[in-house]
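Shown next, in structure tokens, is the structure this report addresses.
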Amino acid sequence: GPMVFLSVAWGIYGIGDTVTFGRIGKRMILHFIGMTFFLSSLCTLITLPFFQLNFVKHSGGTSQISSLFQMILGFIPSDIVSPFQDGNSMQIILLGAAIGATLLILGKTTEAVAKAIEQINYIIQFLMELVSNLVPYFIFIILVQMIWSDTLGIVVAAWKPVVVFILAMLILSGLMLILASILCKVSPILILKKGFSTFIIGVSTASSIATFGNCSNVCEKKFGIANNITSFGVPLGIVMFPPATAIYFIFICIYTAEVYGIECSLAWFVLAIFSAVIL
């Protein structure tokens, strides 16, 4: 929580002026949300034939719109402390953005506060990198514990969503690699080679937060992206660009619908995808 808050606040302040922040911020947010919707919908459509669902023309999916609206309202924190207590990343980002934008608007009158945030940010990032180095060992211990307790057998029994999810991730990774290659006009092998260390950390830890330090370093030193962009864009992207997580949520819905014979319609799928992306 503190790491994301400080990084966003300092990242916005480091952009330099409100005009640049408005232009870059809007592009990033629209890109992250738009691409998450697109990739989630595409991967769901491609892998849907693997599930046997009970399709109907109409369903009560629209009755969930009110709950969805309340969920969106829940992004707005009721106070400053609770987002950090609950670990609500979206609320923490909103608080960080508010503080960063305020520092940017006030300019030189808040230089001392901005400097303090910068220095604390460096300390938190250093500590997080130390913690991230220990994460693979904890994952190993958890897997050993699952095998001993036979919990892994229960997971293996639900093989279908696991296999389909892996297939979807291969499709997603391929799409992202091709898209980045076209946009940047470079070889996909070069992109894969430079970003491979971040990829390995993400796969081995199953945590985007754990990749934060390495990802920022790769973006700046290997891809040549300016610090004021990475310090704002990387933490924002970690929270606002989670197509793999969105697809995971969607598959859980679809697999549950298959097992329990839940009726599915076009409205049901639209609501499922929208809810997954928002979550």
Side-chain angles (χ1 to χ4, degrees), residues 32-64 67-68 71 87 89-90 135-136 138-179 198-211 237-279:
F32 288 149
I33 295 175
M35 285 299 293
T36 303
F37 268 110
F38 170 72
L39 293 169
S40 302
S41 303
L42 184 62
C43 287
T44 301
L45 189 64
I46 293 172
T47 55
L48 199 57
F50 289 92
F51 298 95
Q52 296 178 352
L53 300 174
N54 182 19
F55 286 98
V56 294
K57 290 183 178 180
H58 304 285
S59 73
T62 53
S63 63
Q64 302 298 322
S67 299
L68 194 63
M71 182 175 66
S89 299
M90 185 60 74
V135 171
F138 282 102
I139 290 177
F140 173 78
I141 294 170
I142 290 170
L143 288 173
V144 170
Q145 185 183 25
M146 287 177 66
I147 294 170
W148 280 344
S149 62
D150 201 31
T151 308
L152 194 62
I154 299 172
V155 176
V156 172
W159 62 270
K160 183 183 282 189
V162 175
V163 172
V164 177
F165 180 70
I166 291 171
L167 175 63
M169 290 306 95
L170 292 173
I171 295 170
L172 176 65
S173 301
L175 286 172
M176 290 301 300
L177 197 59
I178 292 169
L179 184 62
T198 301
F199 173 77
I200 287 296
I201 294 172
V203 170
S204 61
T205 63
S207 170
S208 55
I209 294 294
T211 68
I238 283 174
V239 176
M240 295 198 70
F241 186 60
T245 306
I247 293 168
Y248 171 76
F249 286 156
I250 295 167
F251 282 176
I252 291 298
C253 292
I254 294 174
Y255 180 66
T256 305
E258 180 188 55
V259 172
Y260 293 99
I262 296 170
E263 294 183 342
C264 305
S265 67
L266 179 60
W268 186 90
F269 274 104
V270 170
L271 188 62
I273 292 171
F274 184 76
S275 300
V277 172
I278 295 298
L279 283 171

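- Rounded to the nearest 0.5 angstrom, L39 CG and L179 CG are separated by 8.0 Å.
- C253 has its side chain within reach of W268: a pair of non-hydrogen atoms, C-beta onward, lies under 4.5 Å apart.
- The number of heavy-atom neighbours closer than 6.0 Å to CZ of F55, taken from other residues, nucleotides and ligands shown, is above 12.
- Taking the six-membered ring where tryptophan is involved, the planes of F251 and F51 are tilted, since the angle between them lies from 30° to 60°.
- A heavy-atom distance below 4.5 Å is found between the side chains of L167 and F50.
- Residue F37 places its CZ atom among more than 12 non-hydrogen atoms of other residues, nucleotides or ligands, all under 6.0 Å distant.
- Within the 4.5 Å cutoff, the side chain of I254 has heavy atoms near those of the T44 side chain.
- Atoms CD1 and CZ, on I252 and F165 in that order, are 9.0 Å from each other to the nearest 0.5 Å.
- For the atom pair OH of Y260 and OH of Y255, the computed distance is 9.0 Å after rounding to the nearest 0.5 Å.
- Annotation: side chain of L48 is in contact with side chain of F269 (closest heavy-atom distance under 4.5 Å).
- With rounding to the nearest 0.5 Å, the separation of CG in L175 from CG in L177 is 10.0 Å.
- Between the side chain of E258 and the main chain of L53, no donor-acceptor pair closer than 3.5 Å is present.
- The distance from the CD1 atom of I273 to the OG atom of S40 is 7.5 Å, given to the nearest 0.5 Å.
- Of all non-hydrogen atoms in C43 and A168, the two that sit nearest each other are SG-O, 3.8 Å.
- Taken to the nearest 0.5 Å, the CD1 atom of I247 stands 8.5 Å off from the CD1 atom of I171.
- Within the 4.5 Å cutoff, side-chain heavy atoms of T36 are placed close to those of P242.
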